Enquirer: 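Take a look at this one; I'll ask things after.
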Amino acid sequence: MKKLVITAAVLASVAVIDPGRFLQAEEMTRHTVEKGDTLWDLSEGYLKDPFLWPSIWKLNPFIADPHWIFPGQVFRIPLAPPTPAPMALPAKPGEADDPARTALALPDPADLPSIPSRSGQPLAIRTGEEPGPGMGPALSQEELELARQYDRGIGMVTRELPAQGRVLGTRQGWRHAGGEELILVQAPGAQPGQRFGVYRDLGKVPALTFRGTSPGHLLADIAIVEIVSVDASGQQAVVSRSFAELKTDDLLGPVPEPPVVPIPLPAAETLSFTGTVVALHHQRQLAGTGDIVYLDQGGNQGLVPGLRLAVRSAAAQDPPQTGELMVLRVTADRAAALVTERSNHAVRTGDQVGPNR
């Protein structure tokens with residue numbers, strides 16, 4: 001790489017990135033947001049530099065939070081500036097034709113160090129807040145709630161633990177790590193660019209009856225990581241999204257996919273099952289409005305994300321205590337659900353669940 005010696009005054013004039021430098025009206029284009037878009041990727045595509053994403057944010061003041069953009073929104077996008085002309089040092093009188101007065105060229109982008117991909121993080125699209133007027137189509141209440149709960153870490157009761165690897169620690173030797181930190185992992189065969197979900201085994205869920213069997217292990221969502229290097233020292237990954245702090249020996253498995261509400265949702269009249277609440281979020285004793293519970297029913301019984309179910313206290317009450325759950329995540333025979341504001345009692349393990357008629 002060529003080394004350039006530039007005076008402080010010249011360096012200050014060319015090296016500072018100003019997000020507002022593209023704001024002339026004649027340099028604008030428009031982009032309609034599609035599912036999967038991020039400000040990071042839009043900046044890379046239009047401005048040829050993902051780190052200039054604040055330029056787009058500044059130009060569209062209705063974007064309250066750059067992490068939350070919505071399909072259908074129309075953004076004004078600043079266009080990439082033309083390549084600057086070489087800057088000549090000012091000539092002194094009598095030096096105009098001096099061949100030694102050569103122009104100072106900017107560094108070739110190809111000579112600059114590359115930056116590893118972070119899967120567009122931390123500016124991933126997360127539809128979890130209802131857009132205001134003129135900000136694209138409104139999301140349903142179910143879609144909004146599912147998005148909010150996904151970022152809490154939904155978790156699941158399962159009989160099979162993830163087995164694709166584990167967290168070894170961090171490069172600094174810390175036992176905990178959070179978003180955007182570099183960690184060491186053991187993931188046999190994994191290569192750079194491969195992504196994993198990180199989970200924590202909270203232990204076996206107690207059986208509901210004296211002679212019963214445990215419904216499985218309670219698994220907590222912890223993070224999403226991406227392998228960035230594999231060398232003699234091991235495999236390194238970056239934490240691209242975190243729901244809680246990572247710890248040594250957390251488990252690696254499939255990436256937890258955001259739940260999607262099917263259209264239309266199944267009608268209650270088409271469902272016929274009786275289920276049970278088998279565990280509560282983080283092994284708590286009681287669950288109130290806004291808490292997550294886990295059921296012994298799942299996709300095989302017609303449960304899907306967004307579906308609302310009735311929950312009834314197992315304790316003898318007159319009148320009976322009833323409430324409502326909304327399904328967040330399903331497997332074949334298990335589900336995670338949210339206690340909604342329509343519940344008039346604390347939900348416990350053993351409470352009965354069925355179609356919301």
Side-chain angles (χ1 to χ4, degrees), residues 142 145-162 197-210 212-223 243-244 250-251 253-262 265-266 271 273-315 321-343 345-356:
E142 287 79 13
E145 201 59 71
L146 287 173
R148 293 189 186 103
Q149 298 307 319
Y150 178 78
D151 280 327
R152 289 179 58 193
I154 295 173
M156 182 59 75
V157 171
T158 178
R159 291 190 177 92
E160 296 184 5
L161 296 176
V198 180
Y199 303 91
R200 185 169 304 149
D201 179 12
L202 299 181
K204 273 192 173 184
V205 175
L208 293 178
T209 63
F210 176 71
T213 59
S214 167
H217 288 247
L218 181 54
L219 207 61
D221 295 353
I222 301 298
F243 311 116
D250 281 344
L251 306 173
V255 174
E257 295 296 332
V260 176
V261 178
L265 284 167
L271 302 174
F273 67 89
T274 300
T276 305
V277 175
V278 296
L280 310 182
H281 201 223
H282 294 310
Q283 297 281 36
R284 294 171 180 159
Q285 299 300 309
L286 299 173
T289 299
D291 289 334
I292 297 173
V293 301
Y294 304 96
L295 316 177
D296 62 354
Q297 306 288 300
N300 291 343
Q301 288 73 41
L303 274 59
V304 294
L307 183 66
R308 293 176 182 267
L309 306 174
V311 60
R312 180 185 177 115
S313 175
Q321 292 182 324
T322 60
E324 183 186 72
L325 306 176
M326 187 178 75
V327 177
L328 301 175
R329 176 180 290 167
V330 300
T331 61
D333 59 354
R334 295 287 185 269
L338 180 75
V339 181
T340 77
E341 68 282 356
R342 296 183 181 179
S343 297
H345 73 291
V347 177
R348 297 174 170 82
T349 57
D351 283 0
Q352 300 299 302
V353 179
N356 193 10

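Just so it is clear, the model here is predicted, and its values are computed rather than measured.
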Enquirer: Would you compute the distance between atom CG of L328 and atom CD1 of I154 and round it to the nearest 0.5 angstrom?
Expert: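 Reported value, rounded in 0.5 Å steps: 5.0 Å.
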Enquirer: Less than 4.5 Å apart, side chain to side chain, heavy atoms only: is that true for T331 and T158?
Expert: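 A side-chain contact under 4.5 Å is absent here.
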Enquirer: Assess the side chains of D291 and H281: does a donor N or O sit below 3.5 Å from an acceptor N or O?
Expert: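 The answer is no; no qualifying pair exists.
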Enquirer: Pair L295, L309 - check side-chain contact (heavy atoms from CB on, under 4.5 Å), show working.
Expert: CA-CA 11 Å; L295 316 177; L309 306 174; 3.8 Å; yes
Enquirer: Could you check if a side-chain atom of D221 sits within less than 4.5 angstrom of a side-chain atom of Y199, using non-hydrogen atoms only?
Expert: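 Yes, at least one pair of side-chain atoms sits under 4.5 Å.
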Enquirer: Distance from F273 atom CZ to N300 atom CG, nearest 0.5 Å?
Expert: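 Separation between the atoms: 12.0 Å.
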Enquirer: Relative to the ring of Y150, is the ring of F243 parallel (under 30°), tilted (30 to 60°) or perpendicular (over 60°)?
Expert: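 The rings of F243 and Y150 stand perpendicular, inter-plane angle above 60°.
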Enquirer: List the atom of P266, the atom of G302, and the distance in Å for their closest heavy-atom pair.
Expert: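 Heavy atoms of P266 and G302 come nearest at CG-O, 4.0 Å.
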Enquirer: Can a donor-acceptor pair be found, under 3.5 Å and without considering hydrogens, that links the side chain of D351 to the backbone of V311?
Expert: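 No: the side chain of D351 does not pair with the backbone of V311.
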Enquirer: Search all heavy atoms of L286 against all heavy atoms of R348 and return the closest pair with its distance.
Expert: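 Taking L286 first and R348 second, the nearest heavy atoms are CD2-NE, 3.3 Å.
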Enquirer: With heavy-atom distances below 4.5 Å as the criterion, would you say the side chains of L218 and Q283 are in contact?
Expert: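 In short, these two side chains touch, coming nearer than 4.5 Å.
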Enquirer: What's the separation between atom CG in L219 and atom CG in D201, rounded to the nearest 0.5 Å?
Expert: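 It comes to 6.5 Å.
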Enquirer: Can you tell me how far CD1 of I292 sits from CG of L325, rounded to the nearest 0.5 angstrom?
Expert: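 Nearest 0.5 Å value for the CG-CD1 distance: 11.5 Å.
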Enquirer: What are the two closest heavy atoms between P262 and V304, and how far apart are they?
Expert: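 The answer is CG-CG2, 3.6 Å.
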Enquirer: Give the minimum heavy-atom separation between G155 and R329, together with the two atoms involved.
Expert: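 Distance-wise, the nearest heavy atoms are N-NH1, 3.5 Å.
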Enquirer: Report the C-alpha separation of R159 and D333 in whole Å, then their side-chain angles, then the decisive distance to 0.1 Å, and conclude whether the side-chain contact (heavy atoms from CB on, under 4.5 Å) test is met.
Expert: CA-CA 10 Å; R159 291 190 177 92; D333 59 354; 3.1 Å; yes
Enquirer: Testing the basics here: between P305 and L265, what is the closest heavy-atom pair and its distance to 0.1 Å?
Expert: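 Nearest pair, atom of P305 first, then L265: O-CD2, 3.6 Å.
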Enquirer: Between NE2 of H217 and CG of L161, what distance do you get to the nearest 0.5 Å?
Expert: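 With rounding to 0.5 Å, NE2 (H217) is 5.0 Å from CG (L161).
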Enquirer: Roughly how far apart are R312 CZ and T322 OG1, rounded to 0.5 Å?
Expert: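 Reported value, rounded in 0.5 Å steps: 8.0 Å.
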Enquirer: So among V278, V205, L280, which one has a side chain to side chain contact (heavy atoms under 4.5 Å, CB included) with T349?
Expert: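 Going through the options one by one, the only one that passes is L280.
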Enquirer: Search all heavy atoms of R152 against all heavy atoms of L338 and return the closest pair with its distance.
Expert: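 Reported closest heavy-atom pair: NH1-CD1, 4.2 Å.
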Enquirer: Are more than 12 heavy atoms from other residues, nucleotides or ligands located less than 6.0 Å from atom CZ of R308?
Expert: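 Buried by this count: over 12 neighbours within 6.0 Å.
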Enquirer: Using side-chain heavy atoms (C-beta onward) and a distance below 4.5 Å, is L146 in contact with P259?
Expert: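 Yes, close enough: below the 4.5 Å cut-off.
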Enquirer: Between Q352 and G350, is there a donor-acceptor pair closer than 3.5 Å when you use the side chain of the first and the backbone of the second?
Expert: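 Side chain of Q352 to backbone of G350: a pair is present.
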Enquirer: Would a distance-only check, ignoring hydrogens and angles, find a side-chain to backbone donor-acceptor pair under 3.5 Å from S214 to G216?
Expert: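 At least one qualifying donor-acceptor pair exists.
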Enquirer: Are any of the side-chain heavy atoms of L271 and Q301 separated by less than 4.5 Å?
Expert: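 In short, these two side chains do not touch, never coming nearer than 4.5 Å.
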